[in-house]
Amino acid sequence: MKIAASLCLGVSLLATPSFAEEISVGLAAPLSGPQAYFGNTWHNGFKLYWDKLNAEGGVNGVTVKYNQQDDKADPREGTLVAQKFCDDESVVIGLVNFNSGVAQSTLPIYEDCELPTMTFGSNPDLTKQGYKFMVRPVANDLANALLPAEYALQKLNAKTAVIVSDKQVFGQGISEIFGTNFTAGGGQVLDTLAVAPTDVDFTSVLAQIKAKSPDVIYVGAVMPQIALFAKQMHEQGVTASLMVPDGGYTPDFITQAGEANVQGTMVAIQVPPMDASPAIAEFAKLYKEKYGEEAGPYSIYGYVHGQILEAVLKSTKGLSREEINDALHVVKVQTAVGELEFDDVGELKVAPSYLYKVEGNDFKLAGSR
Amino acid sequence: MSVAGISSSAKPQASRLVAILVLAAIVALVAATPFLPNYHIRVVNSLLIYILLGIGLNIVIGYTGLLDLGFVAFYAVGAYTYALLASPQLDLHLPFLLIVGIAAVLGMITGILLGIPVLKLRGDYLAIVTLGFGEIIRIVINNVDWLTGGPKGIARLDKASILGVEIARPVEIYWLLLVTVFLVGLFVWRLERSILGKAWAAIREDQDAARGIGINTTNAKLAAFATSATIGAIAGTIFAASQRFVSPESFTLQESVLIVLMIVIGGIGNILGIVAGAAILILLPELLREFAEWRILFLGILMVVLIIVRPAGIVPRTFGPEKLIRGLFGK
Amino acid sequence: MTLVFKNLRKQYGANVAINDVSTDFAPGLIYGVIGPNGAGKSTLINMTAGSYTVSDGSISLDGHRLDGMKKHQIANSGIARTYQNIRLFDQMTVLENLEVCAYPAEVYNTWREVLWPPYGRERAAARRESAMEILRFFGLEGYGDAEAGSLPYGRQRMLEIARALAMKPRVLLLDEPAAGLNHHETAELTAKLAELRSPERIMLVVEHDMDLVMTLCDRIVVMHHGKLLFQGTPAEVQASSDVQLAYLGTDNDIDDIRAAAQDRRAQLGIRARRRS
Amino acid sequence: MLGTFIQQTVNALTIGSIYALIALGYTMVYGVLRMINFAHGEMFMLGAYAAFLVLTVFVGDIGAVGAFGLTLAFFGAVIAVGFFGVGIERLAYKPLRNSTRLAPMLSSLGVSLTLVTGVQILAGPQPVAFPSFFPTTRYDLMGGTVTSVQIGILVAAFVLMFALYTLVNRSRMGIIVRAVSESRPTAQLLGINVNLAISAVFFSGPLLGAAGGILYASYYGIMSPTMGAVIGLKAFTAAILGGIGSIPGAMLGAYILAFVEVGGTALLPLITNGVLGTEYRDVLSFAILILVLLVKPAGILGEPVSEESMVYKREF
């Protein structure tokens with residue numbers, strides 16, 4: 001027995017390539033509860049990229065382990081996860097927090113333990129607080145709500161809009177920015193209505209909107225509310241153009257609202273079309289092969305985050321948190337969504353942003369910046 | 001139910017052993033925590049905050065027998081008091097202890113204001129009305145953006161400091177919480193044994209008979225509500241100071257329900273029960289962290305099983321700190 | 001010092017439970033309230049203690065109106081009661097059931113009690129001592145730390161009276177104190193209650209057990225259909241044919257009534273003799 | 001203006017009907033057991049998932065289900081959930097029947113957590129599109145828009161509620177349930193099978209809740225594991241508002257709550273001149289609930305429990 005065991009041990013030691021170094025990446029997102037789908041598919045994109053690299057022996061002999069934790073989209077839970085990553089010395093970079101609200105509570109902790117993070121929360125405030133150990137490899141809401149406002153004014157010749165917000169961090173933030181941009185461009189916001197984030201019935205809100213007959217309705221909310229809104233809007237005979245943020249960029253949006261109810265709806269997201277480049281098409285194919293389902297709305301960003309980490313590991317002087325942070329802030333990398341680099345506060349210098357229009361059963365690119 | 005006093009005194013040895021074991025476990029945990037990694041300290045801190053909340057709510061539920069499902073409102077009052085008075089939001093940076101005082105007073109006032117109209121209701125009606133008040137407070141906080149930042153919450157809260165000593169690292173927060181839990185626990189324990197505490201128990205047992213012996217039940221209940229709210233608000237300030245970020249999503253109905261569950265599963269009306277309940281509902285899911293959704297399923301089933309097996313809670317009402325201390329000295 | 005009912009009336013919808021009752025009770029005496037079921041005996045006690053509202057008329061103690069006051073205020077003006085169905089604080093200990101009666105007098109010192117342990121200890125000891133004194137009187141001292149709900153039924157009855165006594169009442173209202181007790185317990189209770197007679201105290205006992213009433217009470221109030229039928233000493237009550245009729249109902253068979261009345265008289269007569 | 005008014009009235013009636021179906025379950029369980037069944041919202045959710053399961057597994061292609069398939073799915077699902085409700089009562093509440101009042105309530109919270117998480121694990125946490133049980137046609141009603149789905153919901157809800165009302169008031173089982181609801185000890189003494197009555201309630205409550213869930217899912221075109229939580233709370237509020245324990249009260253409370261919500265959305269910004277927007281709608285609902293309870297402490301149609309007649313013993 002003993003001999004067999006030591007033999008096995010010897011074999012396995014031989015099997016692993018020597019001098020390999022291993023780092024851990026802290027992955028934090030909601031993995032249970034209603035938002036689990038987004039957290040899981042986002043992380044899957046990252047794993048997809050790195051499983052391949054790991055299998056090939058990693059970057060310069062460095063392979064990546066995942067320390068995946070559920071933050072339940074809850075700020076308190078988020079701080080515990082953050083501390084867990086901080087305490088684990090093998091974790092040298094974090095891919096953390098899908099929700100801005102959670103990021104608000106965890107960023108000070110990462111800052112204290114000097115753990116560099118790629119943050120996914122898109123609230124503009126996050127980068128305004130002087131954190132030195134964070135970058136945001138995704139367009140913030142400022143960029144993301146500018147495009148729809150411009151499009152509404154210039155392409156749709158809209159004069160008036162009604163804004164609906166779910167009074168959550170994301171929904172309220174992005175709809176305010178839309179409103180500001182829409183007004184700045186000469187449009188008029190007739191009314192701003194708020195709904196509860198748990199609402200499913202918008203008929204009474206829609207009856208209010210119908211009476212105002214705006215050209216455009218902007219709904220700052222997430223799935224499934226925007227699908228419900230689109231469906232009920234159609235059923236109640238409201239004919240304005242509907243614009244929604246990134247949550248709508250999923251086939252679920254069309255199936256849940258009903259294909260007939262979402263025709264012409266505009267969806268803004270930081271994600272380029274899946275056929276925009278060979279790299280993205282390749283990604284979509286790989287994802288489906290590996291996970292047996294279509295990529296989630298943010299899977300491509302997980303993949304891009306994997307590409308950023310690869311570039312960071314190629315350019316870093318060492319594997320300490322500080323060295324990785326330094327490399328992260330100056331990295332310039334060609335990714336599936338284009339060339340990315342960060343400015344002083346960790347924001348993308350050029351943040352890609354796209355606008356889609358629902359046509360038939362599909363999203364057609366209507367504009368980008 | 002047997003005559004607890006008699007049956008326990010019949011076997012002093014056994015209870016002494018239990019007392020020593022329980023006390024030793026508590027002392028060991030308290031002493032070991034500062035040497036644990038920060039993550040574990042944060043988990044313990046979280047536990048301590050819930051224990052503090054449990055102690056507060058227990059006054060209303062366990063001692064006075066009123067089902068309050070809106071307790072989180074007072075927690076929110078405390079947290080937002082700190083957030084507003086020690087952050088760039090209003091550009092006020094008051095000292096921590098002063099804010100704790102202000103929060104305690106505000107908590108008490110809110111408790112009384114909410115208490116006056118609702119306390120003549122009973123049972124389920126009281127539960128739904130307190131639930132309603134809790135939700136109203138959360139919705140208002142979520143919507144007065146100019147003051148509370150709305151859903152965005154308030155970030156960059158000051159680090160707390162007491163007499164020039166900064167309290168921000170997990171271990172420092174741990175000491176702060178430990179002292180607070182101890183002091184509040186002691187206060188509440190003495191309160192329970194005071195004449196007011198006895199009146200609460202009488203109201204819990206039979207409100208009508210309590211009136212019949214001259215207890216002004218409205219005032220006594222208000223006192224329970226106010227004390228409980230004050231403790232909730234104090235817990236809120238420490239929570240805000242440790243997280244240094246507050247947003248309405250920390251103060252949902254689920255949070256209120258969690259605290260109620262903690263009290264009932266642990267053992268209603270008993271501080272040790274609250275510790276046990278918090279350990280199960282806060283610590284256990286944290287230990288099972290790797291299992292993501294399965295842990296919540298497990299917790300749900302465990303809750304049902306525990307309630308069926310021990311409907312009165314894990315720790316009996318009579319097995320309080322007093323019993324522990326008596327057991328320790330073999331009395 | 002007297003307890004006065006004046007044109008007292010209690011009505012639930014069309015149903016009149018107490019109809020125009022006027023009487024007064026003097027301290028130092030024990031009053032028995034008797035009457036058939038539904039005569040309004042318990043209603044009288046419930047109204048006096050503030051459990052029921054008064055529809056019309058007034059109740060006053062020493063010229064102070066009690067009706068309209070809140071229940072706890074009535075209790076604090078010196079009126080203590082027991083209940084037909086025992087209502088103890090079940091999960092509190094026997095001692096605590098009595099100690100809590102000090103609440104109205106001591107609640108204002110709660111802060112001091114909590115924050116200054118020596119004072120707290122002193123008060124707790126004082127309350128405990130005065131509670132023990134009452135327990136000793138009722139022979140309950142051995143149960144001090146037991147849960148009230150765990151006591152045998154008879155002891156619970158005693159405890160409830162003890163609790164009422166712990167309020168140091170000027171008026172003691174006992175609602176069927178002997179209900180459910182066996183002979184031995186009833187005798188013990190009767191003896192204890194007799195000892196409670198005091199020049200400062202009015203005692204009102206609603207009871208079906210004639211033995212107890214006739215033995216114990218100095219005056220008897222007979223209620224019938226919500227009205228005050230008769231009031232007098234036990235001997236007077238026994239002599240009144242009205243009372244016997246009321247008790248036996250309005251059966252048409254006059255012979256039966258007579259026979260039963262005879263029987264009753266014989267019984268009461270024996271008891272009355274024994275008493276003297 | 002008239003159009004908007006009619007529109008809002010129809011909207012409120014639709015929402016109110018769904019609330020009512022669920023509120024009935026709360027109120028019946030409370031009637032016989034004096035227990036708030038926090039897992040009742042989950043019966044609503046299970047109804048939708050069960051119907052979906054029947055549709056996919058037994059009927060096949062969801063897009064092409066005929067009237068037969070829909071009927072099968074509807075009745076199959078509600079009956080299955082009914083039996084499920086009885087099973088849960090046996091497992092999780094029955095052992096606690098003689099315990100404190102709080103115990104079964106908290107046990108039901110555990111059941112609720114278990115069911116939601118279980119469905120999340122089995123069916124995935126994200127919302128799923130649900131086929132419409134009626135073809136959606138829009139009708140114009142004096143300027144307001146009414147859909148066929150709304151009419152279907154109104155009709156289905158009224159039929160179900162009428163059936164329940166008849167059963168409770170006319171059938172033998174209904175009499176037994178009412179007797180137990182009046183006083184369990186007395187019923188027991190009279191030799192009434194209390195367990196049977198409780199089972200009947202735990203069958204019909206979840207059944208109605210499940211029906212509500214299916215109607216809801218087909219109206220909104222969507223279902224999710226957490227859909228029971230919010231609607232459950234609202235239905236519970238409605239049951240309390242109407243006077244918990246009272247069947248007509250639950251229905252009345254549900255429609256009042258729906259009208260308050262719709263009216264709040266429509267009128268709050270107008271009345272307060274924009275100071276309080278639609279986001280304060282739930283504040284208004286709760287405020288009205290509290291006001292009603294202050295005036296009528298047992299709800300609108302609840303039997304007034306007078307201070308005098310009730311023995312208030314400890315509640316938990």
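Every chain is numbered from 1 and lettered A, B, ... according to where its sequence line falls, protein lines coming before strand lines.
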Measure distances from Pro117(C) to the heavy atoms of chain B and classify the residue's part below 4.5 Å as side chain, backbone, both or neither.
both
Are more than 12 heavy atoms from other residues, nucleotides or ligands located less than 6.0 Å from atom NZ of Lys168(C)?
no
Is Glu195(C) salt-bridged to Arg201(C), cutoff N-O under 4.0 Å?
no
Most chain C-contacting option - heavy-atom pairs closer than 4.5 Å, from Leu186(B), Leu196(B), Asn216(B)
Asn216(B)
Rounded to the nearest 0.5 Å, the CD atom of Glu176(C) sits from the NE2 atom of His208(C) at a distance of 4.0 Å
Picking from Gln73(C), Arg127(C), Arg81(C), which has the most non-hydrogen pairs under 4.5 angstrom with chain B?
Arg127(C)
Using non-hydrogen atoms and a 4.5 Å limit, figure out which bit of Ala102(C) sits close to chain B: side chain, backbone, both or neither.
both
Between Ala220(B) and chain C, which part of the residue has a heavy atom less than 4.5 Å away: side chain, backbone, both or neither?
both
Any idea which of Glu106(C), Glu96(C), Arg163(C) has the most non-hydrogen atom pairs under 4.5 angstrom with chain B?
Glu96(C)
Measure the spacing between CZ of Arg157(C) and CG of Leu88(C) and express it to the nearest 0.5 Å.
9.5 Å
Looking only at Val107(C), Ile74(C), Val114(C), the option with the highest number of non-hydrogen pairs under 4.5 Å against chain B is Val114(C)
Using a 6.0 Å distance limit plus a 45 degree cone around the ring axis, check whether Arg204(B) lies over the aromatic ring of Trp200(B).
no
Lys10(C) to Tyr12(C), cation-pi by 6.0 Å centre distance and 45° axis angle
yes
Identify which part of Arg123(C) has an atom lying under 4.5 Å from any heavy atom of chain B, answering side chain, backbone, both or neither.
neither
